[in-house]
Amino acid sequence: MTEIDIEKENKAIAQEYKELLRISYQTLSTTDKKLIRKAFDVAVDAHKEQRRKSGEAYIFHPIAVAKIVASEIGLGATSIAAALLHDVVEDTPITVEDIERMFNPKVAQLVEGLTKISLVQKDLNASMQAENFRKMILTLNDDVRVILIKLADRLHNMQTMDSMAEYKQTKIASETLYIYAPLAHRLGLYNIKSKLEDLGLKYTEPAVYNDIVSKIRETKEQQDAYINDISEVIKKSLDAENIDYIIKGRPKSIYSIRRKMRAQNVSFDEVYDKFALRIVYKADPHDEKFIAWKIYSIVTDHYRPSPSRLRDWISSPKSTGYEALHITVMGPKGRWVEVQVRSERMDEIAEKGYAAHYKYKNGATEESGLDTWLNLLREALENPETNAVDFVEDFKMNLYSKEIFVFTPKGEIKSLPKGATSLDFAFSIHSEIGIKTRGTRVNGRLVPLNHELKSGDQVEVITSPNQKPTVNWLEYVTTSRAKNKIKNVLNENTKKIGEEGKELLTRKLKHLKITLNEQVTNELVNFFKLKTSLDLFYRVGIGAIENQQLKDYAAQKSNTFINFFKNKIKRNKDTTAAEDIHKPVISSNYDMLVFGTEHDKLDYKLSQCCNPIPGDDVFGFVTINEGIKVHKKDCPNAIGMQSNYAYRIMSAKWIDSSQEEFKAIINITGMDVLGLTNQLTRVISNNMSVNIQSISLSTDAGIFHGQVAVIVQNNTILKKMINAIKKIDGVDKVTREYRT
């Protein structure tokens with residue numbers, strides 16, 4: 001470069017610095033300006049030899065990131081300084097310790113967090129990539145500003161990707177759409193989220209992006225005129241009411257238009273709400289809500305609203321802090337238009353998210369504002385044992401989920417993701433309440449734990465100190481918080497049984513003159529075709545591995561050669577040891593007992609204290625020495641076992657040995673005799689091992705019609721039941737209905 005070019009570049013760098021100070025959202029003190037100036041000088045000097053792929057001086061990148069941090073995200077001097085220095089440790093000899101010495105521990109901590117994220121490996125398989133995202137998200141535990149500055153860094157990288165190779169553009173853009181745009185959304189940075197999504201689309205689907213951009217350009221004049229017509233009508237009424245406001249026309253983002261086209265399978269022209277009006281008004285905090293609804297009234301006086309599309313986020317703000325009224329009205333020429341109503345304060349929170357959130361808290365500082373936000377984002381970080389891919393998927397689900405608002409019995413409002421159940425609600429109050437949930441009432445009515453909640457529901461949780469989560473609960477919840485807590489409790493139970501199983505296995509092997517050590521454990525895991533030592537100890541603990549199987553292992557260990565021939569001879573008769581673990585002992589002539597949600601067929605013994613028989617309601621109890629013992633649910637010892645050893649309880653049920661339970665529908669006709677209904681239900685419920693699923697009875701001019709849906713275990717039971725019903729006085733005909 002010539003001296004003239006260098007001088008020109010230095011002037012441009014100085015100009016960028018002045019612009020950075022001018023556009024800062026926070027009011028910068030003299031001390032703040034000194035901190036930023038020092039960071040700027042250190043960054044300029046550190047990067048002086050570096051250039052970007054486009055050829056420009058590298059320092060323009062950190063300055064651009066700092067400008068986004070200062071104006072669009074609205075952070076203060078500490079974050080601006082960290083943004084200026086964010087690549088220094090990675091790209092130059094300067095260390096984190098140097099930064100702490102030159103500046104302060106907080107700046108050094110932010111730069112270190114940003115360096116950790118930058119050092120994440122690229123071009124990895126899905127699970128490794130997920131693991132890296134997980135590490136990145138875990139930096140939220142340190143300081144949420146690390147992620148905010150990273151979002152600014154990512155936005156500027158996306159804005160300057162033209163000189164990169166196409167495969168790199170696609171990779172970075174996909175990564176942006178996968179994790180960074182959802183993060184911006186969750187932090188309330190809607191402008192940055194929209195920019196990231198649009199740029200992501202530009203590089204992942206360039207043809208689609210360019211097509212939508214050209215169509216927006218073609219229709220811009222027409223759209224502006226349309227927005228202007230509506231604005232003029234509303235302005236007259238707002239002026240008459242002396243409301244201080246501005247109206248902005250706002251086109252929908254390119255990405256959201258693309259999403260609508262895909263979701264509704266329509267063309268660009270058929271997407272009806274491609275633009276919106278935003279009315280931003282001035283108001284004292286006391287009058288904010290009143291003026292918002294006054295504006296709503298004025299807008300709907302002129303244009304008919306769609307009641308199903310009214311969104312009131314003023315009475316119930318989103319968990320990101322977003323507040324606004326969204327009204328969708330039928331504008332001129334039969335076109336739907338979205339009108340957003342926000343006060344200046346609400347507009348700042350929507351634009352700046354995190355930064356505006358603490359600005360409007362009385363006397364709050366940047367530091368104290370962190371707490372609220374960290375609490376909102378910690379849920380996905382609660383369980384470090386989760387598989388990385390599941391973690392990122394869960395995290396994304398929580399980032400993007402729509403919200404519902406439900407009430408506690410005292411009328412307090414709680415925000416939950418759409419699709420949340422009454423059990424999710426229990427865990428949202430406190431994990432201890434969730435774990436001990438026995439039942440839930442919604443709007444005063446008892447509902448199942450997997451009941452899906454709707455906005456406006458009032459939910460009451462009924463707890464019991466003896467209640468413990470079961471595996472089924474994982475199917476009853478949708479939030480990652482609840483899932484993680486349930487998994488943790490279930491894992492603890494598995495570990496407890498595993499510990500007991502290990503002790504038991506040590507004793508059993510001692511009898512066989514074998515000492516349990518790491519080598520023996522690994523051999524047993526392989527012998528039973530299991531995955532981990534915990535699987536082995538757990539199965540010993542529940543009695544799924546029998547003494548004979550351990551003897552087989554011992555024989556194999558002592559004489560592998562003889563054992564090889566034994567297996568050759570026996571292979572047609574015997575199944576493998578691994579299969580034996582799950583093979584039921586009970587003869588196929590009897591009803592079969594299965595355990596857990598997966599209907600596992602495990603070895604068991606019938607307890608002598610209550611002598612259960614096929615058809616009884618039962619549960620399995622994992623003993624220390626005798627494997628699984630089966631008790632009736634009304635066994636005198638049941639309550640003691642369930643309260644003291646809940647982690648050893650296994651759900652169990654009988655199934656027919658030749659066929660599983662099935663539903664049968666019985667139609668009954670006859671004469672309407674007094675007491676017929678009572679007699680009918682008594683015969684079905686008392687005399688048979690039958691579960692009534694539904695019953696419908698009616699009479700018409702002395703003729704009785706009934707339809708009963710029952711769950712039965714086999715045909716013999718069904719035939720007996722039908723014969724018993726036929727004997728009831730007044731019954732004329734009993735038939736089984738076959739539905740195709």
Side-chain angles (χ1 to χ4, degrees), residues 464 466-473 489-512 524 528 530 534-552 577-657 660-661 689 713:
S464 163
N466 301 328
Q467 186 65 45
K468 289 276 165 63
T470 66
V471 178
N472 298 358
W473 281 25
V489 175
L490 294 174
N491 286 344
E492 281 168 25
N493 293 347
T494 304
K495 281 174 189 168
K496 276 184 189 173
I497 294 171
E499 283 164 18
E500 290 168 0
K502 188 177 181 181
E503 287 175 24
L504 184 59
L505 183 60
T506 306
R507 291 201 301 273
K508 287 186 173 187
L509 289 175
K510 204 172 178 183
H511 288 304
L512 298 168
L524 282 163
F528 290 114
L530 300 170
L534 182 58
D535 290 340
L536 171 72
F537 300 145
Y538 177 74
R539 278 170 170 74
V540 173
I542 62 170
I545 292 175
E546 290 198 330
N547 293 341
Q548 186 54 49
Q549 291 166 311
L550 292 174
K551 284 175 187 171
D552 291 346
E579 287 168 346
D580 284 345
I581 294 169
H582 302 287
K583 190 169 175 68
V585 172
I586 200 159
S587 158
S588 61
N589 298 328
Y590 297 95
D591 280 359
M592 190 181 292
L593 196 57
V594 290
F595 296 87
T597 50
E598 302 299 318
H599 290 187
D600 290 328
K601 298 173 178 70
L602 304 171
D603 294 345
Y604 63 88
K605 291 177 183 173
L606 297 175
S607 69
Q608 292 180 351
C609 55
C610 55
N611 293 318
I613 60 169
D616 284 339
D617 285 336
V618 291
F619 64 89
F621 180 72
V622 181
T623 65
I624 299 291
N625 297 317
E626 298 180 89
I628 301 171
K629 294 199 85 172
V630 176
H631 295 258
K632 286 167 69 175
K633 281 191 177 171
D634 57 2
C635 169
N637 299 320
I639 292 170
M641 284 185 278
Q642 285 166 336
S643 60
N644 296 321
Y645 303 102
Y647 65 93
R648 292 196 197 169
I649 302 293
M650 297 180 78
S651 60
K653 72 175 198 176
W654 299 97
I655 60 168
D656 187 72
S657 54
E660 301 245 342
E661 290 184 329
S689 299
Q713 290 160 338

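We count residues from 1, following the sequence as given. As the structure is a prediction and not an experimental result, all values here were calculated from the model.
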Gap between atom [atom2] of [Y] and atom [atom1] of [X] - 0.5 Å precision:
{"X": "I545", "Y": "F537", "atom1": "CD1", "atom2": "CZ", "answer": "10.0 Å"}
{"X": "E503", "Y": "K508", "atom1": "CD", "atom2": "NZ", "answer": "13.5 Å"}
{"X": "L534", "Y": "R539", "atom1": "CG", "atom2": "CZ", "answer": "9.5 Å"}

Q: In sequence, state the C-alpha distance, the side-chain angles, and the governing distance for F619 and V630, and then conclude on side chain to side chain contact (heavy atoms under 4.5 Å, CB included).
A: CA-CA 6 Å; F619 64 89; V630 176; over 6 Å; no

**Q.** salt bridge (charged side-chain N to carboxylate O under 4.0 Å, His left out) partners of E626, counting only residues at least two apart
**A.** K629

**Q.** Sequence-distant partners of K632, salt bridge (charged side-chain N to carboxylate O under 4.0 Å, His left out), two or more places apart
**A.** none

Q | I628 and its side chain to side chain contact (heavy atoms under 4.5 Å, CB included) partner, picked from L602, L593, T623 | A | L602

Q. How about Q548: does its CD atom have over 12 heavy atoms from other parts shown lying under 6.0 Å from it?
A. yes

Atom of [X], atom of [Y] and distance for their closest heavy-atom approach:
{"X": "W473", "Y": "K468", "answer": "CZ2-O, 4.2 Å"}
{"X": "P612", "Y": "S607", "answer": "CD-O, 3.6 Å"}
{"X": "A652", "Y": "G620", "answer": "CB-N, 4.0 Å"}

Q.
Contact between N547 and L512 at the side-chain level, heavy atoms closer than 4.5 Å - yes or no?
A. no

Q: Answer yes or no: is there a side-chain heavy-atom contact under 4.5 Å between L606 and V618?
A: no

Q.
With side chain to side chain contact (heavy atoms under 4.5 Å, CB included) as the criterion, how do F528 and V540 come out once you've worked through the C-alpha distance, each side chain's angles and the decisive distance to 0.1 Å?
A. CA-CA 11 Å; F528 290 114; V540 173; over 6 Å; no

**Q.** Backbone N/O of E546 and side chain of Q549: donor-acceptor pair under 3.5 Å
**A.** yes

